Amino acid sequence: MLRITADVYSGRPNPVADITDEAEVRATLSELTRDRTLFVGPRSSEAQTGGLGLRGFWVETFDDGLARDFDLESRVFLPAGPQAPAGRAAEVAERLITTADWHRAPDTFAGTTPPIGTSSFREFLLGQLASGGRASVADRVEPAGGEQAESPAVTCQIELGAFNPGFWNNDPNVMSSNNCYNYASNWRTNTFAQPGRGCGNMYTQITCDEVTRAALCDGMHHRFDCFPDTEKPRFLVALVVIPGGGDYHWYRKHVEGFWGHKPGPTAARNVDNSGNVIFNPETADRGPYTIFCGYFYGCDSQRKRIN
Amino acid sequence: MDVEVDLYSGRPNPRFPLRPAAVDELGRRIAALTPATGGERPYDGLGYRGMRVLTGPAETVAELVVSGELVTLRTPDGSLRHLRDPGRALERWLLDQGAEDLAPEVTATVRQELAR
């Protein structure tokens, strides 16, 4: 038997499923061990467990014969989503999701959280795998008056993607040809995309108002002007400018809770000019970009329009 | 051969051409630099980062980055060589070469950064 634990939650127990058919167990392990760079052992795997959304799968064997046949530790971790190594990781993860019996998975939920329907649980995990570790969250107007205040007036559903700087940094041509607007839009154009150029009406000067106008022309919305689900992924981004019109800069919020950015042709990162992880772009050390213009939502049609 | 002033994040960086006589002088100036020791890295945050000399495909140096007393040469095969630029003299000289082509506000911003 193989026990599969989907490492997907942070506040409640992770769902567990078994593969009991002996032939299927051996076929799955054969697939898993074809490329040993895909998984990590029990000790080093602890480092893989940060972030929200699907992080990977624990795969456990229960008899030493099976472990010996496939030269496996009793428990290994297969990273999934953005943490996964390139290559067949997604393919192997998909096999685990589709072959394991998840009918008991809803029982692993704790507390009063309504269980996800058995039939949809596999779809949920496949969706998590396809979304690359992205999570949908509610973005609310903070109510005035603290926790006793009434419900927020506006709530928008948005997506937060996992921080994946390697996508932007590993290829020197990608790094030098994509800027902060590409990064905030999460769309590589290799054109050093400019707000408004994609919609045919680029900014004419660098002020908050004018860069905002151009970004809205591309399809962004002001924060709390919600997009429908059809516009997923709807990323939360922030715009800043240099006084006097020198330049603009964008940040994008990530599922890990911090903000990422890419200063021009340099590497994408999640730290500010002082080397501190950015949890608030309004107070981060932004060098000369001292004017904070505001927050916006990107969306799928906007990112595909940028140029 | 062009020089890019690595200054902006959103806008494309300003560039200026290095004239043939200046290219020769650049070679002489680089040859006179001494190797840098330690694990220094060029500054790469928001704001002025340095000068980037963009070479042609036939050159033995694919890219030359001059930033904060550190000169980094990248060869076409990707290997790096680090040299020291005391007092940012090479960076200042490069800025002087672009004085006619760069916008006055760009030159002023970089001069201000170099004066720090």
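Throughout, a chain's letter reflects where its sequence line sits, starting with A, and its residues are numbered from 1. Remember, predicted model here, so these are calculated numbers, not experimental data.
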Smallest separation among heavy atoms of Pro263(A) and Leu46(B), with atom names: CB-CD2, 3.7 Å

Taking it one step at a time, do Tyr248(A) and Ser9(B) satisfy side chain to side chain contact (heavy atoms under 4.5 Å, CB included)? CA-CA 7 Å; Tyr248(A) 62 86; Ser9(B) 173; over 6 Å; no

Side-chain touch Asn179(A)/Arg11(B), heavy atoms, less than 4.5 angstrom: no

Sidechain-backbone polar pair: Asn273(A) side chain, Gly45(B) backbone, donor-acceptor under 3.5 Å: no

Is the number of heavy atoms from other residues, nucleotides or ligands within 6.0 Å of CZ (Arg81(B)) greater than 12? no

What part of Tyr43(B) lies closer than 4.5 angstrom to a heavy atom of chain A: side chain, backbone, both or neither? side chain

Top contributor to chain B contacts, counting heavy-atom pairs under 4.5 Å, from Gly275(A), Pro265(A), Gly246(A): Gly246(A)

More than 12 non-hydrogen atoms from neighbouring residues, nucleotides or ligands closer than 6.0 Å to CZ on Arg41(B), yes or no? no

For Arg74(B), is it the side chain, the backbone, both or neither that has a heavy atom under 4.5 Å from a heavy atom of chain A? neither

In terms of heavy-atom proximity below 4.5 Å to chain A, should Glu63(B) be classed as side chain, backbone, both, or neither? neither

Checking Tyr181(A) against chain B: side chain, backbone, both or neither under 4.5 Å from a heavy atom? neither

Locate the shortest heavy-atom distance separating Asp44(B) from Thr266(A); write the atom from each residue and the value. O-OG1, 3.5 Å

Which portion of Ile242(A) sits near chain B, non-hydrogen atoms under 4.5 angstrom: neither

First locate atom OH of Tyr8(B), then atom CZ of Phe192(A), and finally report the distance between them rounded to the nearest 0.5 Å. 11.5 Å

